[in-house]
Amino acid sequence: MKLKIRDMKTKTEHLVIQVSLKLVLISLLLFLFSSVAISQQSAGFTSFKPGGEWLAEDGVHIDCHGGNIIYVESLKTYYWYGEHRGQPRGASCYSSKDLYNWRKEGVVLEKGDIQTFERPKVIYDEINKRYVMWFHYDGNNYTIAELGIAVSDSPTGPFIIKDHYRPNGHESRDIGMYFDPGTKKAYIGYAADHTNLTIRMVELSSDYLSITSNDVDIKAHCEGPGILKKGGIFYLLTSGCSGWTPNPATYYTAPDIMGPYTDQGHPFTGDAGNNSFNSQPCYIFKIPGYKDAYLYMGDRWNGGGRPDSQYVFLPITITEDGKMELHWYNEWDLSIFTPERTRPAR
Ligand code: GAL
């Protein structure tokens with residue numbers, strides 16, 4: 001009996017040793033796997049490097065062009081939408097807590113058989129808890145020239161296409177969007193008739209799902225419209241019209257979003273190449289939590305609009321005498337702006 005008990009003890013001891021060895025092995029493997037995963041992720045960014053290589057958290061180039069950024073207060077998250085120019089073509093979405101480091105949320109709308117899908121702009125409808133995407137819907141030759149609209153219940157899609165049409169009968173190609181936080185109204189500025197010889201501004205319905213008849217020719221010109229408002233003045237920034245090749249941008253000012261707009265010339269200061277620091281505007285994002293923090297979002301298409309096109313993100317300055325200026329920085333961060341008293345939590 002004594003012997004049997006000793007045998008059992010030895011067996012148990014062997015079992016414990018075996019299990020422990022297995023656990024050590026599993027932990028080692030897990031550690032190795034996680035190290036590989038970490039080494040494939042991008043390093044934590046703490047600044048913007050305009051025109052530089054910008055990787056998402058998965059270590060892959062961010063593929064999100066011609067779009068916009070929104071901040072969803074309830075989720076304390078920034079969402080960046082844009083053209084996914086790799087496969088599948090459509091709209092991509094990335095999320096971030098700090099504007100420097102982005103996680104790919106995926107392709108939130110696949111363009112399917114739409115020939116040209118460009119410049120998506122998303123707005124969050126706080127009342128109906130819906131995300132509404134407007135985009136440039138077109139054919140290969142840019143002669144259809146329509147606005148498209150898609151909707152999702154979640155910021156990360158999927159967005160379902162609801163409609164596409166010419167706004168109030170006008171051609172519509174490159175689009176910009178402006179959301180007025182005071183009135184909660186939203187507007188689309190669109191490169192319009194006679195193949196972008198005019199820009200029109202149209203007010204959206206209160207649920208952002210349709211356009212209204214408040215739609216005017218704002219006597220501005222060309223493409224890539226971005227809009228900001230400071231001290232009761234509206235600033236409209238537009239590129240010239242030279243396809244994927246960058247050109248000098250122009251800005252206009254107006255006392256009302258619907259105009260009249262006055263041409264104020266080129267805002268890119270020290271722009272040796274006379275090409276908006278080799279970029280084309282796509283949006284101006286007012287960064288919440290900082291005073292007058294206007295983020296210029298520009299695309300560096302490299303003459304081709306490829307998936308690996310870079311981004312030129314720069315701060316926009318409105319000077320004491322009301323001029324818009326953009327200066328070049330090889331690297332910059334949000335400390336350039338003055339924080340407001342309440343900042344969104346990180
Ligand atoms: C640009 C426009 C882009 C794209 C390109 C095609 O002028 O801003 O969004 O349409 O032309 O050539």
Side-chain angles (χ1 to χ4, degrees), residues 51 62-69 80-86 89-92 107 109 111 113-122 133-150 164 166-167 170-178 188-201 218 220-227 236-252 266-268 271 273-285 296-314 326:
I62 295 174
D63 185 355
C64 196
H65 315 270
N68 77 326
I69 291 176
W80 179 4
Y81 300 90
E83 295 164 32
H84 190 255
R85 300 196 66 88
R89 287 286 277 269
S92 49
V107 174
L109 182 154
K111 81 175 185 69
D113 56 10
I114 299 174
Q115 291 178 345
T116 296
F117 173 96
E118 289 179 351
R119 297 189 175 261
K121 301 284 175 285
V122 172
M133 179 187 289
W134 288 84
F135 60 92
H136 174 191
Y137 176 105
D138 222 322
N140 289 333
N141 300 323
Y142 291 94
T143 49
I144 296 176
E146 292 182 344
L147 278 177
I149 173 169
H164 57 93
R166 284 192 172 189
H170 298 283
E171 294 169 30
S172 174
R173 294 185 184 81
D174 281 11
I175 62 166
M177 187 181 266
Y178 178 73
I188 290 182
Y190 60 104
D193 299 311
H194 317 298
T195 324
N196 312 338
L197 272 187
T198 57
I199 287 187
R200 301 185 65 91
M201 190 70 71
I218 56 170
H221 183 203
C222 273
E223 301 188 326
I227 303 143
L236 168 74
L237 177 65
T238 71
S239 74
C241 191
S242 53
W244 301 119
T245 309
N247 52 57
T250 304
Y251 79 101
Y252 300 79
H266 307 316
F268 287 80
D271 179 23
N274 206 25
N275 60 5
S276 311
F277 299 137
N278 189 7
S279 72
Q280 184 185 25
C282 66
Y283 192 67
I284 298 172
F285 176 56
Y296 166 78
M297 294 172 62
D299 294 287
R300 183 168 284 180
W301 298 117
N302 295 315
R306 292 200 320 265
D308 60 356
S309 302
Q310 294 101 13
Y311 309 92
V312 174
F313 279 22
L314 287 168
L326 286 100

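Whatever order the structure lists ligands and atoms in, that order sets their numbers, starting from 1.
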Undergrad: Measuring only between side-chain heavy atoms, which start at C-beta, is Leu109 closer than 4.5 Å to Met133?
TA: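 Of all side-chain heavy-atom pairs linking Met133 with Leu109, at least one is under 4.5 Å.
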Undergrad: What's the shortest distance from atom 8 (O) of ligand 1 to any protein heavy atom, and which residue and atom give it?
TA: Asp174 OD2, 2.6 Å
Undergrad: Can you pull out the closest protein heavy atom to atom 7 (O) of ligand 1? Residue, atom name and distance to 0.1 Å, please.
TA: Glu223 OE1, 2.3 Å
Undergrad: Is His136 close to Tyr190 at the side-chain level, that is, under 4.5 Å between some pair of heavy atoms?
TA: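 Sidechains of His136 and Tyr190: no contact.
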Undergrad: Using a strict 4.0 Å cut-off to heavy atoms of Glu118, name the atoms of ligand 1 that fall inside it.
TA: 3 (C), 4 (C), 9 (O), 10 (O)
Undergrad: Could you label the plane-to-plane angle of the Tyr311 and Trp80 rings as parallel, tilted or perpendicular, counting under 30° as parallel and over 60° as perpendicular?
TA: perpendicular
Undergrad: Taking the inter-plane angle between the rings of His164 and Tyr137 on a 0 to 90° scale, is it parallel (under 30°), tilted (30 to 60°) or perpendicular (over 60°)?
TA: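 Because their plane-to-plane angle is under 30°, the rings of His164 and Tyr137 count as parallel.
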Undergrad: Determine yes or no for a side-chain-to-main-chain donor-acceptor pair under 3.5 angstrom, with Ser92 supplying the side chain and Asp63 the backbone.
TA: yes
Undergrad: So which bit of His136 gets within less than 4.0 Å of ligand 1, heavy atoms only: side chain, backbone, both or neither?
TA: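 It is neither; nothing of His136 touches ligand 1.
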Undergrad: Among all protein heavy atoms, pick out the one at the shortest distance from atom 6 (C) of ligand 1; state its residue, atom name and that distance to 0.1 Å.
TA: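 Nearest neighbour among protein heavy atoms for atom 6 (C) of ligand 1, to 0.1 Å: Tyr142 OH, 3.4 Å.
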Undergrad: Quick check: do Lys111 and Phe135 have side-chain heavy atoms less than 4.5 Å from each other?
TA: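 Side chain of Lys111 against side chain of Phe135, heavy atoms only: no contact under 4.5 Å found.
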Undergrad: Among all protein heavy atoms, pick out the one at the shortest distance from atom 11 (O) of ligand 1; state its residue, atom name and that distance to 0.1 Å.
TA: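 Answer, as residue, atom name and distance: Gly243 CA, 3.4 Å.
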Undergrad: Could you identify the single nearest non-hydrogen protein atom to atom 9 (O) of ligand 1 and state the distance to 0.1 Å?
TA: Arg119 NE, 2.9 Å
